[in-house]
Amino acid sequence: MMRAEARPPRRKWPWIVSGVVVAALGVAGGIWYSASLPDKPPIVIGSPGPVTPPPRNDDVEPTGCLGGDSRDTAMVLAAQEAAPHTSNGAVEFATSYVRWLTRYPVPSPAEAEAVAAAAVVDSGAYDLVGSLADEPNLSGSLVPNGEEFYVSTVPGVWNLESYAGDTAEISVGVGVVIDGELHPQFRISTMLTLSWEGDAWHVDHANQPRTTEELFSVGTGYTGGC
């Protein structure tokens with residue numbers, strides 16, 4: 001289980017940022033380093049828990065943990081199955097996809113193929129497998145090449161950019177976990193467009209993301225966090 005802590009008000013953080021967009025990979029990620037966030041003790045991230053999706057009709061505020069604590073293919077596909085046909089469901093699925101994708105080692109070819117087949121609208125237009133083939137650094141070099149990391153929604157935020165019933169545009173902001181501890185300053189922002197097809201949410205394409213400074217100013221915190 002993860003030990004969380006109270007978060008300082010996001011809307012009052014002073015930000016000094018620099019960044020890079022990983023657009024050429026077919027993944028939309030605005031990756032930023034903030035040098036002036038208040039000091040915080042590290043948050044220790046525990047072992048993954050079981051996949052426990054809620055009922056399909058359980059439309060609650062986004063927890064940031066739909067599908068369970070793990071970051072494997074089973075988690076993201078469980079989240080896809082559980083996410084309801086609502087704006088909150090779209091946010092939860094987008095968040096699970098970001099948690100699954102943004103890590104090193106990156107998802108294996110077998111993982112990428114399974115998720116692309118089940119959860120991507122058109123793999124020809126959004127080449128998930130190809131974008132991961134060269135094992136890109138999805139932290140935008142916040143974490144050195146070859147160093148393990150993953151992302152957490154404990155300090156995360158989300159923003160519903162648009163929603164039209166069967167389509168949704170979602171921004172997701174997450175923290176970076178290195179050596180099992182949440183970094184107090186590293187944050188990543190991503191924006192995805194989703195489509196409701198075949199009775200489930202799917203990734204349609206990646207968008208140019210908001211800056212992380214802006215997203216963490218306007219975004220809403222998750223009710224939980226993984």
Side-chain angles (χ1 to χ4, degrees), residues 1-23 25 27-49 62-65 67-72 75-76 94-107 132 135-159 170-192 209-226:
M1 295 295 292
M2 174 171 42
R3 187 175 73 246
E5 64 176 18
R7 298 188 290 271
R10 292 187 184 84
R11 299 177 189 276
K12 296 181 181 179
W13 284 355
W15 292 80
I16 300 173
V17 294
S18 61
V20 58
V21 177
V22 189
L25 301 174
V27 215
I31 297 92
W32 303 82
Y33 172 75
S34 172
S36 60
L37 290 177
D39 292 334
K40 297 172 58 180
I43 297 173
V44 179
I45 307 298
S47 301
T63 66
C65 292
D69 289 348
S70 65
R71 290 160 180 82
D72 55 16
M75 178 279 294
V76 73
T95 302
S96 73
Y97 182 83
V98 171
R99 290 198 299 120
W100 169 79
L101 176 66
T102 315
R103 54 188 165 102
Y104 189 86
V106 300
L132 296 175
E135 298 192 348
N137 185 336
L138 296 179
S139 79
S141 297
L142 288 179
V143 182
N145 290 340
E147 185 172 332
E148 292 188 13
F149 79 94
Y150 59 91
V151 297
S152 170
T153 54
V154 170
V157 299
W158 57 272
N159 193 63
I170 312 292
S171 288
V172 175
V174 290
V176 178
V177 178
I178 306 171
D179 293 332
E181 294 185 350
L182 180 67
H183 195 284
Q185 297 171 311
F186 292 171
R187 301 292 182 263
I188 296 175
S189 62
T190 303
M191 189 187 297
L192 298 170
R210 287 178 179 266
T211 67
T212 305
E213 176 184 12
E214 181 182 20
L215 177 56
F216 275 76
S217 294
V218 303
T220 301
Y222 294 96
T223 62
C226 289

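- Heavy atoms only, all atoms of each residue included: Pro144 and Asn137 are closest at C-ND2, 3.9 Å.
- Although no hydrogens or angles enter the test, the distance criterion places no donor-acceptor pair under 3.5 Å between the side chain of Thr63 and the main chain of Thr223.
- Going from atom CZ of Arg99 over to atom OG of Ser152 covers 8.5 Å, rounded to the nearest 0.5 Å.
- No donor-acceptor pair under 3.5 Å is formed between the side chain of Arg71 and the backbone N or O of Arg103.
- Of the inter-residue distances, the one linking Phe149 atom CZ with Ile188 atom CD1 reads 5.5 Å to the nearest 0.5 angstrom.
- Closest approach of Arg187 to Leu142, counting heavy atoms only: O-CD1, 4.2 Å.
- Annotation: side chain of Leu101 is in contact with side chain of Leu132 (closest heavy-atom distance under 4.5 Å).
- The side-chain hydrogen bond (donor to acceptor under 3.5 Å, both in side chains) check on Thr95 picks up Tyr222, with sequence neighbours excluded.
- In plain terms, the two heavy atoms of Ser189 and Pro209 that are nearest each other are O-CB, 4.0 Å.
- With sequence neighbours excluded, the residues satisfying side-chain contact (heavy atoms from CB on, under 4.5 Å) with Glu135 are Tyr104, Val106.
- Using a distance-only test at 3.5 Å, with no hydrogens or angles considered, a donor-acceptor pair links the side chain of Thr211 to the main chain of Glu214.
- In this structure, the separation between OH on Tyr150 and CD1 on Ile178 is 11.0 Å, given to the nearest 0.5 Å.
- Here the OG1-CG distance, from Thr220 to Asn159, works out to 6.5 Å after rounding to the nearest 0.5 Å.
- Here the closest non-hydrogen pair linking Gly68 and Cys226 is O-SG, 4.3 Å.
- Between Phe216 and Pro155, the shortest heavy-atom contact is CE2-O, 3.3 Å.
- Looking at Met75 and Ser70, their side chains come closer than 4.5 Å, going by heavy atoms from C-beta outward.
- Pairing each heavy atom of Ala94 with each of Leu192, the nearest pair is O-CD1, 4.2 Å.
- The salt bridge (Lys or Arg N to Asp or Glu O under 4.0 Å) analysis of residues 138-148, with sequence neighbours excluded, yields no pairs.
- When side chains are defined from C-beta on, His183 does not count as touching Val143, because their heavy atoms never get closer than 4.5 Å.
- Partners of Thr102 according to the side-chain hydrogen bond (donor to acceptor under 3.5 Å, both in side chains) rule, which considers only residues two or more places apart in sequence or in another chain, do not exist here.
- Between Val174 and Thr190, every side-chain heavy-atom pair lies at or beyond the 4.5 Å cut-off.
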